[in-house]
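Counting begins at 1 with the first residue of the sequence. Everything quoted here is computed from the prediction, not taken from an experiment. Remember, it's 1-based here, ligands and their atoms both numbered in the order they're listed.
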Amino acid sequence: MNALIEGRVAVVTGGSSGIGFETLRLLLGEGAKVAFCGRDNDRLASALAALQSEYPQAEILARRCDVLKEEEVNAFAAEVQARFGGADMLINNAGQGFVAHFDETPRAAWLREAQLKLFGVINPLQAFLPQLERSDIASVTCVNSLLALQPEEHMIATSAARAALLNMTLTLSKELVGKGIRVNSVLLGMVESGQWRRRFEARQDKSQSWHAWTADIARKRGIPMQRLGKPQEPAQALLFLASPLASFTTGAALDVSGGFCRHL
Ligand code: NDP
């Protein structure tokens with residue numbers, strides 16, 4: 001693929017694991033310079049080491065930063081500016097879901113989910129906006145979930161917060177188009193990643209293998225492709241939307257759910 005991003009700068013929030021990490025690998029494969037963040041220093045260091053060993057010549061910046069802490073995000077943006085002279089692509093990926101029905105969702109969890117899904121995008125966007133405004137290929141791409149359009153009872157707070165994010169993303173695409181910045185989303189179904197690994201570790205039946213456990217989820221949930229997605233699959237969609245390959249696309253939400261979507 002020629003994503004037309006050689007020498008361009010991509011920022012991925014939450015790049016130390018799962019989908020964000022695979023997105024960094026694809027971006028580096030296309031010759032981009034990358035910057036990524038996460039909250040855990042050990043995870044950041046091991047992701048950085050893995051990327052440097054796969055792409056020894058690449059320019060890579062890893063920084064500890066919680067996307068919910070405005071001052072940390074501003075410092076991350078300042079470091080990207082100083083090291084690379086600005087950013088062309090912002091990929092808002094950091095986050096996780098919260099599994100609980102309404103009667104198991106405390107008030108604090110509602111607030112936490114709303115804050116993570118909205119300010120997890122607002123903080124990086126505010127911090128990187130001046131840099132994006134100077135790019136001639138600027139894009140903002142948000143990792144969102146199919147829950148935004150197809151809510152699930154067992155993830156009520158995450159579903160509602162995801163819907164709010166999708167709503168905000170569409171508005172942003174209208175507001176920023178005049179500045180030459182495209183804004184798009186991917187809507188994920190279930191994708192193998194760090195969060196699913198953690199749920200696997202906490203499974204009831206410890207005799208089940210990872211393959212059997214994920215296949216069981218896919219079957220019970222009725223995913224038409226009968227499996228969970230691989231993190232490379234949303235990463236490919238993110239690369240497409242973030243790059244000039246999607247130069248006439250803004251305000252879009254691309255489904256990456258293995259056919260799980262049940263609405264028009
Ligand atoms: P992972 O847990 O593998 O990766 C999440 C990444 O985000 C890690 O690098 C984590 O690092 C980082 N992160 C989490 N919270 C913050 C924060 N506040 N500030 C900075 N970094 C943070 O999960 P996935 O790859 O699955 O998740 C990627 C995105 O995809 C998330 O937004 C998730 O909600 C979304 N998604 C995933 C689905 C799936 O089935 N996998 C389905 C729908 C949406 P650290 O913990 O060190 O901060």
Q: Please compare Val143, Asn93, Leu116 and report which has the shortest non-hydrogen distance to atom 31 (C) of ligand 1.
A: Asn93
Q: Please identify which atoms of ligand 1 are closer than 4.0 Å to at least one heavy atom of Asp40.
A: 47 (O)
Q: Counting both backbone and side chain atoms, is some N or O of Ser145 under 3.5 Å from an N or O of ligand 1?
A: no
Q: Could you tell me whether the side chain of Trp110 reaches within less than 4.5 Å of the side chain of Thr105, counting heavy atoms only?
A: yes
Q: Taking 4.0 angstrom as the limit, do Arg227 and Glu233 come out as a salt bridge?
A: yes
Q: Determine the minimum heavy-atom distance between Gly120 and Leu68, stating which atoms define it.
A: N-CD2, 3.8 Å
Q: Counting heavy atoms only, name the option from Ser193, Gly120, Gly18 that's nearest to atom 24 (P) of ligand 1.
A: Ser193
Q: Are Phe128 and Val140 packed together at the side-chain level, in the sense that at least one heavy-atom pair is separated by less than 4.5 angstrom?
A: no
Q: Contact between ligand 1 and Arg162 is defined here as a heavy atom of the residue under 4.0 Å from a ligand atom; is it met?
A: yes
Q: Please say whether Gly194 places an N or O atom under 3.5 Å from an N or O atom belonging to ligand 1.
A: yes
Q: State the atoms of ligand 1, each with its element, that fall below the 4.0 Å cut-off from a heavy-atom position in Cys65.
A: 19 (N), 20 (C)
Q: Does any N/O atom on Arg43 come nearer than 3.5 Å to any N/O atom on ligand 1?
A: yes
Q: Among protein heavy atoms, which lies nearest atom 42 (C) of ligand 1, and at what distance?
A: Gly189 O, 3.1 Å
Q: Taking atom 12 (C) of ligand 1 as the point of reference, which of Gly97, Gly14, Gly15, Gly20 owns the nearest heavy atom?
A: Gly14
Q: May I ask you to identify the nearest protein heavy atom to atom 22 (C) of ligand 1, giving residue, atom name and distance to one decimal place in Å?
A: Ala94 CB, 3.5 Å
Q: Check this for me: does any side-chain nitrogen of one of Glu113 and Lys117 sit under 4.0 Å from a carboxylate oxygen of the other?
A: yes
Q: Mind checking the OG-CZ spacing from Ser193 to Arg198? Nearest 0.5 Å is all I need.
A: 7.0 Å
Q: Which atoms of ligand 1 have any heavy atom of Ile19 under 4.0 Å away?
A: 25 (O), 26 (O), 30 (O)
Q: Side chains of Gln81 and Arg134: any donor to acceptor distance under 3.5 Å?
A: yes
Q: Return a yes/no value for Val67: is any of its N or O atoms, backbone included, closer than 3.5 angstrom to an N or O of ligand 1?
A: yes
Q: Identify the closest protein heavy atom to atom 4 (O) of ligand 1: which residue and atom is it, and at what distance?
A: Ser17 OG, 3.6 Å
Q: Please state which part of Val191 comes within less than 4.0 Å of ligand 1, counting heavy atoms only: side chain, backbone, both or neither.
A: both
Q: For ligand 1, which atoms sit closer than 4.0 Å to a heavy atom of Met190?
A: 40 (O)
Q: Any idea which part of Arg198 is under 4.0 Å from ligand 1, heavy-atom wise: side chain, backbone, both or neither?
A: side chain
Q: Closest non-hydrogen protein atom to atom 5 (C) of ligand 1, residue and atom name please, with distance?
A: Gly95 O, 3.7 Å
Q: Flag yes if more than 12 heavy atoms outside Phe119 fall under 6.0 Å of its CZ atom; otherwise flag no.
A: no
Q: Who passes salt bridge (Lys or Arg N to Asp or Glu O under 4.0 Å) against Arg8, sequence neighbours left out?
A: Asp88, Asp136
Q: Does Leu125 reach the side chain of Leu176, with side-chain heavy atoms less than 4.5 Å apart?
A: yes
Q: Please work out which of the three classes, parallel, tilted or perpendicular, describes the rings of His101 and His154, given edges at 30° and 60°.
A: tilted
Q: Measure across Gly259 and Pro224 and return the closest heavy-atom pair with its distance rounded to 0.1 Å.
A: O-CG, 3.1 Å
Q: Examine the proximity of ligand 1 to Ala47 and report which part, side chain or backbone, both or neither, has a heavy atom under 4.0 Å away.
A: neither
Q: Looking at every non-hydrogen atom in both residues, tell me the closest pair between Glu70 and Asn123 and how far apart they are.
A: CG-OD1, 4.0 Å
Q: Measure the distance from atom 18 (N) of ligand 1 to every protein heavy atom, then report the residue, atom name and distance (to 0.1 Å) of the closest one.
A: Asp66 OD1, 2.9 Å
Q: Identify the protein heavy atom lying closest to atom 33 (C) of ligand 1, giving its residue, its atom name and the separation to 0.1 Å.
A: Gln195 NE2, 3.1 Å
Q: Any idea which part of Trp196 is under 4.0 Å from ligand 1, heavy-atom wise: side chain, backbone, both or neither?
A: side chain
Q: Starting from atom 9 (O) of ligand 1, which protein heavy atom do you reach first, and at what distance in Å?
A: Ser16 OG, 2.7 Å
Q: Less than 3.5 Å apart, any donor N or O on the side chain of Glu152 or Ser159 sitting next to an acceptor on the other?
A: no
Q: Examine the proximity of ligand 1 to Arg64 and report which part, side chain or backbone, both or neither, has a heavy atom under 4.0 Å away.
A: neither
Q: If a pair satisfies side chain to side chain donor-acceptor pair (under 3.5 Å) and one of its residues is in residues 39-54, list it, with sequence neighbours excluded.
A: Arg25-Glu54
Q: For Arg39, which part has a heavy atom under 4.0 Å from ligand 1: side chain, backbone, both, or neither?
A: both
